[in-house]
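Only one structure is covered here, and it is reproduced in the block below.
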Amino acid sequence: MLGHQTVFSTGTDEHGMKIQQAAAAEGLTPLELCDRTSTRFRELFDLCDIGYTDFVRTTEERHKAVARAVWTKLASEQLIYLGNYAGWYSVPDETFVPEAQTVAGVRKRDGAPCKLSLESGHELEWVEQPNYKFKLPLFKEKLLQWLDSQPATVAPQNRLAWTVQEVGQMKATSDADDLSVSRLTQYLQWGIPTPNDPSHVMYVWLDALTNYLTVSQVPVHKLSEVKKTGAKPEFPALDGQVFSAWPADYHIIGKDILKFHAIYWPAFLLGAGLAPPKRVIAHGHWTVNGQKMSKSKGNGVDPFDRVAVHGVDAVRYFLFRDSQLDSDCDYSDTRVTDLFNGELAAAFGNLLSRVFARALLQPANQPSATLSSSPSSAQTADDLAAWAFVPSKLDGTAWTRSDAIQVLPPIAQELHDKLNQLPSLVHEAYTDAQFARGITAVLFSIQCCNRAFTIVEPWTLAKTIREGALKNEPVNETALTQLRAMLYLTLETLRIASLCLLPVLPRSMTAALNHLSIPADQRLAQHIFSSPLVSGTLLPAAGGSVVVFPSTRRANPVTTGAAATQSGKPAKTKQKKQKDSSS
RNA sequence: GGCGGCGUAGCUCAGCUGGUCAGAGCGGGGAUCUCAUAAGUCCCAGGUCGGAGGUUCGAGUCCUCCCGCCGCCA
């Protein structure tokens, strides 16, 4: 949106016990399972217009090299040492079970009290094994410093507070909070072997997090040469032309992996002499009827399925418009359609339709024409060119918004002001990942324009002009200039709104901008003010009906008689979607 | 059990450092225009701002306690 060269990276984290077990359960090799899953994600991204410049799989060789390099660097800094890991181990499940996932029980063999896995119910053994450990608490102060810096490094506020608390509770003086970063290969094989010790594989998170360095093109072969330079380590461009996108401007993650991204990850980076990310944004999860989605409840929502039902942009719009960062949000098919129909179709889409109406544009641009000239015959290009373009002032010069509002009622001034403030409002909101806030602001402008449209009544002005033409009277210049001004202002409103919503609804907004004849190279935030619509620009779309968001509401089939309402007037029917029953 | 958060109109939520803060949207009810995708616009919510105290000239907005949810940790 801003036109900056950006690395948009995503990918799949493919190592670890869970993958190993899931693959075994299906009789697949881990890699086969990952191939399938990874492909599935990319299919979804393609389907949903989710762009990325890199998709990294942690099983790729380029990534393994980075992970190994980071490990080696941390080890050389004396931050990783061979220690012991002790924990509850379930032999049948082949996994360590966190304390929180255990429950007191009785051993079958001799009836002695023991611990059971909450998940599987299997008996647990207390196992101690050699593990490599990372001196996490060493970074307590630096982490707190990082967390305290501005602009906020962790957002939203509640997540930052949590992170600060977690780090604050770390015992800096003991090794109790040292982080286990490897597993013996006898327990876990599906991982990256630790450099210099094939009997361990790297802990999945240390492995996975370094993917960000992989995609950032950090020259890890130079990692050993990085020198610590105080609190703000810089990566020196040793060979003079090293390009690296690191540090990341944003990590967009779910709240479930905040600990890894906001505590472990910056600590690893600081340990390796690299800069921590600039910002970690943690969003909530989607619920269904207030409940977590889970396999056991079978209440998951399948995005492929929902997109097939509602359309990509209806789903995208809902996800951005109806969510907030700091808490979980509820998925609802009804909300998807209500928002689509109410805000996109009725407010935005309909405004686009009204401004492209021939009944308004032709009188505005071809005031001498008598409308009945071509009631049924197909329109020729010449015919269209005679009136389908962005209106100009009466003297033929180009409108500006400032000029247009001069000839319109005060509501136009209000709209003008809103539009002037919109870009910064949206930018601010998007910057903080407060998408709903930005979208709402856009909507207010659209709503204001609809209101202005109603107040100015361009159809009445058009009628005045048409009737004048029929009577061969001189054109009513007041009506004409107002009509043109209102249409121009509306077109500008739509252009600005479309640019603001382009990242949210790339497909639909591209269509809208095409209709508005906005050149492809004038669709960035900077063009909102720098490149207004130019009077005279052809609007070929005006020839037909312009529908960017086809409403899914159905009119009551009143004409068939059966459904006529008691009151005798057409009922304002809203399609009530079936109750959420997503599979 | 500890720590933290939340609890504002039927629903989803705005309300920053205390004084137009009692609001928006949706749903629901009513009216109206006709350019437009049966779309638009306008009017209608009398809600003890979870409860009880307290600080203050004045508190959804600060403090204490209680109730109810939720998260993390143990």
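Just so it is clear, the model here is predicted, and its values are computed rather than measured. Below, read A as the first sequence line, B as the second, and so on, with proteins coming before strands; counting in each chain starts at 1.
The gap from the P atom of B:rG4 to that of B:rC63 amounts to 12 Å, rounded to the nearest Å. For B:rC42 and B:rA59, the P atoms lie 35 Å apart once the distance is rounded to whole Å. Across the P atoms, B:rC62 and B:rC72 are found 26 Å apart, a figure rounded to whole Å. Nucleotides B:rC3 and B:rA24 have their P atoms positioned 40 Å apart, rounded to a whole Å. Taking the C1' atom of each, B:rG58 and B:rG18 are spaced 8 Å apart, rounded to whole Å. Of the P atoms belonging to B:rC44 and B:rG54, the separation is 37 Å, rounded to the nearest Å. Comparing B:rU61 with B:rC26, their C1' atoms sit 26 Å apart, to the nearest whole Å. When the C1' atom is used for both B:rG27 and B:rU12, the distance is 11 Å, rounded to whole Å.
Candidate nucleotides B:rG40, B:rC35, B:rG25 were compared by shortest atom distance to the side chain of A:E343, and B:rG25 ranks first. Checking B:rU37, B:rG40, B:rU41 against every side-chain atom of A:R354, the shortest atom distance belongs to B:rG40. Distance from the side chain of A:A359 is smallest for B:rC35 among the nucleotides B:rC72, B:rG25, B:rC35. For A:T454, counting side-chain heavy atoms from C-beta on, the closest listed nucleotide (B:rC33, B:rC73, B:rU41) is B:rU41. Side-chain atoms of A:A346 lie closest to B:rG40 of the nucleotides B:rC73, B:rG40, B:rU41.
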Legend entry - Worked verdict on A:T454 versus A:E457 for side-chain hydrogen bond (donor to acceptor under 3.5 Å, both in side chains): CA-CA 5 Å; A:T454 301; A:E457 294 186 35; over 6 Å; no
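For the pair A:D432 and A:R279, the salt-bridge criterion is met [side-chain N within less than 4.0 Å of a carboxylate O].
Summarising the geometry, the separation between OH on A:Y317 and P on B:rC26 is reported as 11 Å, rounded to the nearest angstrom. The CD atom of A:Q165 sits 12 Å away from the P atom of B:rC72 (whole-angstrom rounding). Here the C1' atom of nucleotide B:rC42 and the CG atom of A:N450 are 13 Å apart, to the nearest Å. As a whole-Å value, the separation of A:F549 CZ from B:rA36 P is 20 Å. Between the CG atom of A:N341 and the C1' atom of B:rA38 there is a distance of 12 Å, given to the nearest Å. Protein atom NZ of A:K463 is 8 Å distant from nucleotide atom P of B:rC35, rounded to whole Å. For the pair A:Q157 CD and B:rG5 P, the computed distance is 10 Å after rounding to whole Å. Residue A:L487 contributes atom CG, which lies 12 Å from atom P of B:rA36 at whole-angstrom precision.
Remark: aromatic rings of A:F268 and A:F134 are close, center separation under 6.0 Å.
Nearest heavy atom pair, residue A:H283 against residue A:G254, reads NE2-CA, 3.4 Å. The heavy-atom pair separating A:M170 from A:P137 by the smallest distance is CE-CA, 3.9 Å.
Shown here, B:rA22 forms no base pair; nothing in the strands shown gives a Watson-Crick or G-U wobble contact with both key distances under 3.5 Å. With a 3.5 Å ceiling on both atom-pair distances, B:rG27 lacks any Watson-Crick or G-U wobble partner. Pair assignment for B:rU55 gives none, since no Watson-Crick or G-U wobble pairing has each distance under 3.5 Å. Shown here, B:rG7 forms a base pair with B:rC67; the pair counts as Watson-Crick or G-U wobble because both key distances fall under 3.5 Å. Base pairing of B:rG1 is made with B:rC73, judged by Watson-Crick or G-U wobble geometry with both donor-acceptor distances under 3.5 Å.
Among the heavy atoms of the strands, none lies under 4.0 Å from A:V355. A:A345 comes within 4.0 angstrom of a nucleotide base, judged by non-hydrogen atoms across all strands. Heavy atoms of A:F453 sit under 4.0 angstrom from at least one base atom.
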Can you check nucleotides 9-18 of chain B for protein contacts, nitrogen or oxygen pairs under 3.5 Å, and list what you find?
unit_1, atom_1, unit_2, atom_2, d
B:rC13, OP1, A:Q324, NE2, 3.4
B:rC13, O3', A:Q324, OE1, 3.2
B:rA14, OP1, A:Q324, OE1, 3.3
B:rG15, OP1, A:R437, NH2, 3.1

Within the sub-3.5 Å range, which N or O atoms of nucleotides 60-64 of chain B have a protein N or O partner, and how far apart are they?
none

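The side-chain contact (heavy atoms from CB on, under 4.5 Å) test with A:V355 is passed by exactly one of A:L360, A:L487, A:L361: A:L487.
Legend: side-chain hydrogen bond (donor to acceptor under 3.5 Å, both in side chains) pairs involving residues 491-516 of chain A, not counting sequence neighbours, sorted by first then second residue: A:D49-A:R507, A:D313-A:S508, A:E492-A:R495, A:N514-A:R523. Among pairs with a residue in residues 476-488 of chain A, none fulfils side-chain hydrogen bond (donor to acceptor under 3.5 Å, both in side chains), at least two apart in sequence or across chains.
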Side-chain atoms of residues 436-453 of chain A: list all donor-acceptor pairs with protein atoms under 3.5 Å, sequence neighbours left out, distances to 0.1 Å.
unit_1, atom_1, unit_2, atom_2, d
A:T440, OG1, A:A436, O, 2.6
A:N450, OD1, A:R354, NH1, 2.8
A:N450, ND2, A:A347, O, 3.3

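Residue whose closest nucleotide on RNA chain B sits further toward the 5' end, between A:G342 and A:L360: A:L360.
No side-chain donor-acceptor contact under 3.5 Å links A:Y317 to the backbone of A:V336. Between the side chain of A:D403 and the backbone N or O of A:W399, no donor-acceptor pair lies under 3.5 Å.
For A:F318, the ring pair (Phe, Tyr, Trp, His ring centres under 6.0 Å) test picks out A:W286, A:Y331, with sequence neighbours left out.
Base orientation at B:rG60 is syn, since its O4'-C1' glycosidic dihedral falls within 90° of 0.
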